[in-house]
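For the numbers below, each heavy atom of this structure counts, side chains included, while hydrogens, waters and symmetry mates do not. The sequence lines fix the lettering, A, B, ..., with proteins before strands; numbering per chain opens at 1. Computed from a predicted structure; not experimentally measured.
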Amino acid sequence: MAHPLTLITFIPLIGMILILAAPAGLVRWYKWIAVASAAAQLVIAAWLYTNFNTGTVAMQFTERYSWIGAYHIYYFMGVDGISISMVLLTALICFIAVFSSFSIDRAEKGYYALLMLLDTGMMGVFVALDFFLFYIFWEVMLLPMYFLIGIWGGPRREYAAIKFFLYTLLGSVLILLAMLALYYYGAVPTFDMTQLAAHSSSYTIGFQRIVWIALFIGFAIKIPAFPFHTWLPDAHVEAPTAISVILAGVLLKMGTYGILRVNFAILPAATHELAWLLLGLIGTINIVYGAMCAMAQKDFKKLVAYSSISHMGYVMLGLASFTAAGINGAVLQMFNHGTITAMLFLLVGVIYDRTHHREIDGFGGLAQSMPIYAGITGFAFFAALGLPGLSAFISEVLVLIGAWQLHPIMTTLGAATAILTAGYLLWCFQRIYLGPLNEKYAALPDLSAREIFMLLPLAAIVIMLGVYPHAILVLLNTSLVHLNQGVLAVATGPALPLH
Amino acid sequence: MEHPVTTDLVRWIVLLPLLGAAINFLFGATLQKRFGKRVISFLGCGAVLAAFAIALYTLFAMLALAPDRRFMLDDLWRWFDVGGLKLDIAFWLDPLSIVMVLIITGVGGLIHIYSTDYMHDDASYWRFFGWLNLFTFAMLVLVLGDNLWLMFVGWEGVGLCSFALIGFWYTDLVNTNAGNKAFIVNRIGDLAFVVAIYALFAGLGAVGHPTLVIREVARYAPALAGARGYLGLPMVTFVTLMLFLGATGKSAQIPLHVWLPDAMAGPTPVSALIHAATMVTAGVYMVARLNFLYSMAPATMLVVATVGALTAFLAATVGVTQTDIKRVLAYSTISQLGYMFVGVGVGAYAAGVFHLMTHAFFKACLFLGAGSVIHALGGEQDMRKMGALRHKMPLTFVTFFAATLAICGVPPFAGFMSKDEIIWRAYAHGHFVIWALLWAGAGVTAFYMFRQVYMTFFGDFRGTPEQDHHVHEAPSAMAFVLVALAILSTVGGFAMLPGFIAPFAPFERFLDPVFNSDATRQVFASGLHDRSLETLFAGLSLLAVAAGWLLADLTYRQGVLSAARMSEFAGGVFYRLSFGKYRIDEFYRAAFLAPYLKLANAAAWFDGHIIDGVVNFAASMTVVGAWLAGLFDSYIVDGLVNFTSKATLAAGGRLRRLQTGSINGYLYGILAAVMVILLVRAIARV
Amino acid sequence: MDLGNFASLHFFCPELLLTTATLLIVLVDLVIIDGAYLGAVALITSAGALLLIGVEPASEGAWLFHRMIVYDSFAVFFRVLIALAAVVAVWMSMGSAEVRRCAQGEYYAIVLASTLGMFLMAESANLLMAYLSLEIVSLTSYVLTGILRNNRRSQEAALKYLIYGGVASGTMIYGMSWLYGIAGSLDFVAINHALFAASGVPPLTVFIALVLILAGLGYKVASVPFHMWAPDVYEGAPIPITTFLAIGSKAAGFALLTRFFYPGISRLDVGGGWTALSGVEWPQLLLVVCIITMTLGNLAALQQDNLKRLLAYSSIAQAGYALMGFVLLSNDGLRAMLVYLFAYYVMDAGAFLVVMIVANATGREDMGAYRGLAWRGGAVPAIALAIFLLSLTGIPATIGFIGKFYVFAAAIRERFYVLALIGILNSVVSLYYYMSPVRAMFLGQPEEGAQPIAIGAWNYSLMGLLAFATIALGLYPPPVIAFAARSLHFFAGTS
Amino acid sequence: MVNGLTLNDFLILGLAVFLLGVYCVLTRRNAIGILMGIELILNAANINYIAFSFFGGGGANYDGQVFAIFVIMLAAAEAVIGLAIILAIYQNLRTIDVGAAETLSG
């Protein structure tokens with residue numbers, strides 16, 4: 001297949017143009033155009049998966065054309081171990097999000113067009129290898145999110161939308177400054193990430209520290225890391241179900257992907273020096289703090305949002321461990337968190353579509369009126385709390401076993417949070433699904449075929465990766481080990497000064 | 001351990017129950033609706049019994065092998081291979097695990113059959129068998145797991161199934177609370193288990209052999225002897241201690257035993273299978289399986305033995321005052337598990353495992369007998385409302401009585417061979433205090449067991465008339481299972497006769513290849529082997545049992561001593577302590593749960609208000625220009641929360657007022673600007 | 001080479017076309033009553049001027065009219081930009097309800113005269129020509145601002161503009177007189193030689209003269225502190241004229257500012273950097289002016305309700321961003337400024353066009369008119385305005401981002417970190433007020449009784465063109481960059 | 001040379017007239033008064049130009065005087081347009097007080 005990456009990135013854009021061109025009112029057309037483009041993406045992603053060469057560290061399926069000669073900017077796309085899993089995840093989550101959008105009943109034309117633009121933006125971020133192109137896709141993805149939350153969201157949507165936009169824009173302008181600094185003060189003026197990584201030794205350590213921190217803040221807002229996370233609960237609570245699925249499923253991974261692709265590859269010395277403090281410590285705070293806040297939430301969706309913060313903390317801890325197991329576990333956790341949280345938000349959507357409210361204490365005993373729904377939610381909850389045999393367990397184990405050598409205290413805290421997670425999830429499950437049936441919801445219809453069609457593939461992947469994680473890990477291993485060695489090679493001081 | 005026989009039969013032992021569970025979960029409801037419950041029961045029991053058959057077949061295949069080569073490996077596929085951690089999904093069969101498999105599938109199968117009658121009129125019949133099958137699958141994975149992580153998958157898998165089965169009747173919140181409590185307390189234990197694995201992997205990695213496959217860990221364990229661990233403990237001690245802490249969670253030992261009594265909220269077959277025969281013994285199995293590590297850490301061995309003894313004695317004392325028939329058995333289980341831990345704790349691994357097997361037989365029989373009584377009395381569980389059931393339920397009475405004799409350790413029943421062996425080993429290995437606790441425990445066990453028998457089966461019926469009318473003997477399936485288990489309880493003991501009776505202990509010989517690491521052999525050898533002393537101590541323990549029996553007989557059958565007066569003994573403090581379960585539940589709630597909930601609420605409030613306010617401040621840096629003006633009125637009016645966005649807007653507002661609209665004002669602007677520029681330049685020049 | 005009057009005409013065709021067209025319109029207007037097609041004449045003329053610039057003989061530079069006018073690639077760039085501005089202004093005027101009510105003949109004649117003045121500003125090589133062209137543009141702008149006969153707002157704006165402009169240009173001439181005294185000549189090249197002559201010049205006097213001159217140039221570019229007039233005039237004047245001021249006269253102002261401050265009183269070094277006169281700290285002064293302009297423009301716009309006034313403050317802020325390129329004292333900075341001005345031209349024209357369309361339909365310019373615009377038939381203008389506003393903010397895939405990217409890249413290259421950081425933070429703040437109309441249009445609910453917006457094909461086509469340009473040049477900017485790079489050549493030929 | 005006057009005398013005169021013009025512009029509330037102020041500023045510049053042209057070094061340097069002529073011409077043009085606008089405002093507001101015309105603000 002020629003130019004697979006350009007195709008996979010821009011098919012949704014073509015979909016958008018078709019939708020905009022389509023005559024008004026034909027909602028069915030918009031839906032099937034969106035489904036077709038998402039399906040095409042999925043097919044290409046599958047092709048990429050099968051043809052991906054797991055042995056080499058080099059970029060694969062690369063495309064490189066000159067774009068703006070004056071500033072050495074190239075239209076440079078490629079995939080390696082770090083980004084292939086994210087491409088697969090994005091294709092999958094977008095495909096499912098399109099189906100979950102069928103319940104949108106206002107201005108469908110605008111909705112599906114923006115959804116396709118968002119899809120292009122996200123896919124572009126993961127395949128772009130030219131920093132400028134990466135930045136363009138990074139911001140393009142920002143715009144449809146603002147409108148999708150702002151127009152089709154919940155009651156406080158305007159506040160949540162502008163807050164999301166301001167936070168992420170602030171982050172991205174810092175990335176812009178860092179990008180320019182890297183361009184001007186490197187050995188060779190270029191935006192090509194592979195070149196920047198190759199010449200990473202040309203930056204002085206002082207310069208590396210400043211740029212590293214600026215980049216970290218920019219990416220941390222997206223993860224979201226501890227002090228910058230307050231936009232996530234608002235954005236999630238107000239966003240429609242499909243957008244929450246995409247926001248949690250894919251957007252949060254861009255932060256950690258950025259840290260891997262830019263901070264780790266281009267500024268290895270600073271990474272080795274700062275990672276334990278900024279990534280490790282803040283990651284652990286994320287884990288514990290997220291779990292505690294989740295415990296006290298009254299709104300079901302906010303609880304899931306805070307659980308996302310907690311789970312992304314594991315990814316950060318994994319990155320800060322500088323071990324093959326840790327980093328592999330972190331990237332696998334990014335993938336697993338994507339699938340599991342997507343399931344959780346779909347399940348929240350099911351309840352919200354039927355009852356139009358999300359207070360946990362407002363329900364009770366739903367298992368009796370909706371047994372299948374309760375069953376699948378139970379499965380998703382146990383996947384979320386890292387039940388062994390399911391996918392999240394593998395990634396958490398790898399992260400913690402990797403992080404143990406360097407940060408035994410943080411690892412213990414991370415592992416201890418598994419108890420808190422079990423606490424708030426089971427307590428929430430009990431209040432909604434178990435106990436006496438709340439007569440108000442005695443007659444709720446169980447899951448529709450469409451809803452089941454969305455949930456089953458995710459459940460299958462969660463089981464499959466729990467039993468056979470090698471399928472994804474084999475993709476990641478070579479590149480991540482190479483990246484990790486790159487960082488360790490330039491390590492000067494001990495990774496953890498207080499050890 | 002070196003060159004196991006590769007086979008692909010073992011996988012079916014594990015996969016059959018999984019298949020049964022999958023079919024039950026996915027199609028159970030429809031099958032039950034269309035073809036009735038027979039199909040479900042056939043599927044559920046069939047899967048486990050088929051696994052039992054295959055297990056038997058592999059047992060004979062193993063016996064055919066030479067004693068020191070009885071190891072089978074069934075490697076399915078690569079699980080993951082990352083950074084030195086190369087693990088497969090593989091099942092390892094050796095004498096220890098075949099014993100456990102036989103118990104799980106054997107006793108489990110019987111309990112499945114028993115459940116077909118017990119749960120017969122329950123609507124979600126299919127869901128019950130689905131979870132039972134899934135439990136059997138998880139327990140088999142735990143027992144057959146080739147590496148520690150696969151064992152942990154089984155470890156938490158059984159935790160999940162126990163959560164689901166305890167809260168089986170989920171419509172009533174008490175059951176779901178019990179389920180949650182069980183799962184979370186187990187998870188606390190699992191935390192220690194997981195930390196131990198990380199430490200072990202790090203330790204082995206440091207000495208150059210990063211692996212978690214159990215047989216490789218056994219091979220490289222001696223290299224860990226000198227390694228420094230954490231918290232100031234040597235590595236081996238730290239790892240084994242943490243693993244044991246995990247075991248206390250799963251096997252309900254002090255301090256993590258609080259969940260087991262509440263777990264009685266589940267249906268009785270569940271209590272029998274999970275909270276008596278199989279799951280709770282997982283901790284004992286784990287210690288036995290990692291005997292080569294434990295033997296290298298004498299400090300941990302001492303801790304294991306002491307905790308075991310303490311649990312045995314204290315749980316027994318609590319059992320004495322309980323009135324709910326299942327809670328008595330629950331505390332009895334905790335107590336008997338204490339005995340097993342003492343067994344493995346002092347180095348008599350074979351004795352510990354043997355007691356585990358015999359306990360599975362008689363405790364399952366006791367629970368199922370109690371189940372039959374509850375079934376007969378339409379769900380009544382309070383012993384004070386029972387009595388004189390021996391006439392109406394002779395078979396249940398006989399099997400219950402046989403199992404009671406077994407648990408008290410009356411020869412020739414199974415309990416005598418296994419429990420007394422442990423009591424003797426405790427003394428033989430020089431732990432006099434532990435021996436004393438166990439010895440006293442044996443007496444108390446006898447007391448509460450016979451108290452239960454007399455209150456339930458003797459005296460006059462204290463229940464309601466229609467209960468009396470409704471009482472009936474156990475239906476055929478339940479009766480068959482009770483009889484089978486009673487026979488096993490009586491005959492089972494002969495598999496390993498105590499030394500002073502006869503040198504006939506095939507069970508011990510069978511398990512020797514598993515416990516043959518030189519550290520284990522060295523610990524085992526260090527104990528006394530004096531035949532005459534052994535007979536003396538057997539007599540002593542029989543004496544304690546007789547005393548207990550007599551006391552129970554006097555108070556509950558003949559009514560010579562009144563139970564009430566005994567409870568006021570020493571101001572009733574002992575009674576209140578025992579009945580209140582030593583207030584441990586309340587202590588945990590006050591010490592850990594309440595403060596944590598308060599902390600969580602504080603975190604959520606902190607997140608919503610302070611972080612939002614402060615971060616907004618940092619995010620909108622526009623304050624620089626209008627700091628003073630904006631600060632003054634907005635701070636007074638709005639307070640910290642929306643301070644920054646207000647300050648920004650105020651800045652804009654203030655600048656607008658400069659635009660007065662009068663042309664003279666504008667012209668002043670030019671003049672002022674020129675003056676300021678010249679002034680600044682003059683100052684800068686100077 | 002130094003051409004005489006007649007020889008220079010050869011390079012002066014566009015300006016000649018404009019002059020003849022102005023006179024033609026005035027004459028025709030006297031004869032014919034109904035001047036509907038006069039707009040078309042003006043449009044053809046400005047388009048023709050644009051074509052003529054393209055067709056002109058390529059030459060590396062020449063003095064025209066005995067060194068009054070300089071013809072070089074820098075002048076060509078601005079003449080193209082100004083001609084484009086004229087085309088847009090006239091095109092908008094023909095579609096504007098306000099302009100239809102006033103005398104067509106006078107209106108279009110003065111617009112073309114103003115365009116001519118701007119052309120001359122871009123190519124003046126002499127203090128006198130600079131003043132003359134600046135006055136032509138100013139005077140024509142006063143009249144155009146006040147062209148709405150009995151509209152109080154327009155009259156008041158014109159008066160303010162006149163008085164402010166008069167004082168500012170008066171101050172400028174006074175400053176120029178001092179410079180003339182010091183340098184002894186009005187010609188930029190001669191002034192440059194005199195200033196950099198070995199004997200040296202009194203720095204304080206030169207600085208005062210520059211500050212006074214800056215009053216005039218600053219007023220034209222509407223940079224702080226000479227911006228007071230802009231919000232009121234932008235709000236008062238008819239929208240096409242406001243647009244013409246915002247994109248045309250501001251561009252001409254930048255041309256004159258650059259030609260005066262760079263080839264005029266500083267010297268080009270070999271490495272592409274410029275050195276200013278020692279002791280005359282005008283670069284530091286302009287740096288401060290630039291920072292205040294950006295920040296004040298953005299801050300003041302935060303709470304505007306009238307869209308024209310919001311765009312007025314926004315254009316002040318945009319001038320600040322363009323100044324960022326200007327104060328770096330390097331060719332890179334100037335190239336970035338040129339790219340930014342071109343980007344600013346496209347997006348600002350578009351934004352004002354949509355404001356005009358809404359004003360035509362509803363007669364209102366406040367935020368209320370935009371509430372729920374997207375949902376009551378105005379989806380296309382709503383999307384177009386969103387694109388222009390996002391481009392003004394600097395969101396990628398738009399030409400605004402390319403402009404901002406270059407200006408920040410140049411700032412970082414010259415190690416002006418603080419300036420780059422302030423610029424970046426300003427663009428984040430600007431997001432808030434640029435998003436308020438977008439929020440009103442998309443997220444708000446339409447007020448009851450609000451009728452759908454009707455857009456004539458005439459305005460629709462221009463809007464489509466500008467929106468397409470914003471996105472297309474944003475995605476593929478090399479043509480703009482090449483054009484800016486080529487046109488940074490100041491002719492200071494000796495012969 | 002001209003009966004004892006030097007360049008500085010003219011520059012001082014020019015500066016004086018300039019400051020008067022600025023003062024007049026700032027204080028007058030009457031639009032026409034402001035226009036007069038502007039005229040004063042322009043003429044101050046003229047004085048400077050002619051002085052520099054006359055006393056300038058080197059040969060006959062008439063640039064200054066040419067500039068002065070143009071300034072006079074443009075001042076006239078400006079006055080015409082100014083008065084026209086003020087007339088228009090007078091018809092609307094019946095006053096030419098600059099203070100009255102302050103609707104545009106904020």
Can you check whether D/Tyr49's main-chain N or O pairs, donor with acceptor, with C/Tyr180's side chain at less than 3.5 Å?
no

In this structure, CD1 of C/Ile163 is separated from CD1 of D/Ile86 (nearest 0.5 Å) by 6.5 Å

Top contributor to chain C contacts, counting heavy-atom pairs under 4.5 Å, from D/Leu42, D/Leu7, D/Leu15
D/Leu15

Where on D/Ile47 is there a heavy atom nearer than 4.5 Å to chain C: the side chain, the backbone, both, or neither?
neither

Answer with side chain, backbone, both or neither: which region of D/Ile85 has an atom nearer than 4.5 Å to a non-hydrogen atom of chain C?
both

CG of C/Leu162 to CD1 of D/Ile34, rounded to nearest 0.5 Å, is 9.5 Å

Tightest non-hydrogen contact, residues D/Ala77 and C/Leu139, listed as CB-CD1, 3.8 Å

Region of C/Thr171 that comes under 4.5 Å of a non-hydrogen atom in chain D:
both

The interface call for D/Val80 against chain C, heavy-atom contacts under 4.5 Å, is neither

Who wins among C/Ser169, C/Ala158, C/Gly146 for the most heavy-atom pairs under 4.5 Å with chain D?
C/Ala158

Quick check on the interface: out of C/Gln155, C/Arg153, C/Glu135, who has the most heavy-atom pairs with chain D under 4.5 Å?
C/Gln155

Please work out whether the ring planes of D/Phe52 and C/Trp178 are parallel, tilted or perpendicular, with thresholds of 30° and 60°.
perpendicular

Should we say atom CD of C/Glu106 is surrounded by more than 12 heavy atoms from elsewhere, each under 6.0 Å from it?
no

Is a side-chain donor or acceptor of C/Tyr174 paired with a backbone partner of D/Ala45 at a separation under 3.5 angstrom?
no

Do you know which of C/Leu132, C/Asn126, C/Asp187 has the most heavy-atom pairs under 4.5 Å to chain D?
C/Leu132

Hey, are the side chains of D/Ile89 and C/Arg152 touching, using non-hydrogen atoms and a 4.5 Å cut-off?
no

Whatever's closer than 4.5 Å to a heavy atom in chain C on D/Phe18 counts as side chain

I'd like to check C/Ile173 versus D/Val71 (side-chain heavy atoms, cut-off strictly below 4.5 Å). Are they in contact?
yes

Option in D/Ile41, D/Val66, D/Ile81, D/Val25 with maximal non-hydrogen atom pairs under 4.5 Å from chain C:
D/Ile81

If I compare all heavy atoms of C/Leu128 with all of D/Phe67, which pair ends up nearest, and what's the gap?
CA-CE1, 3.4 Å

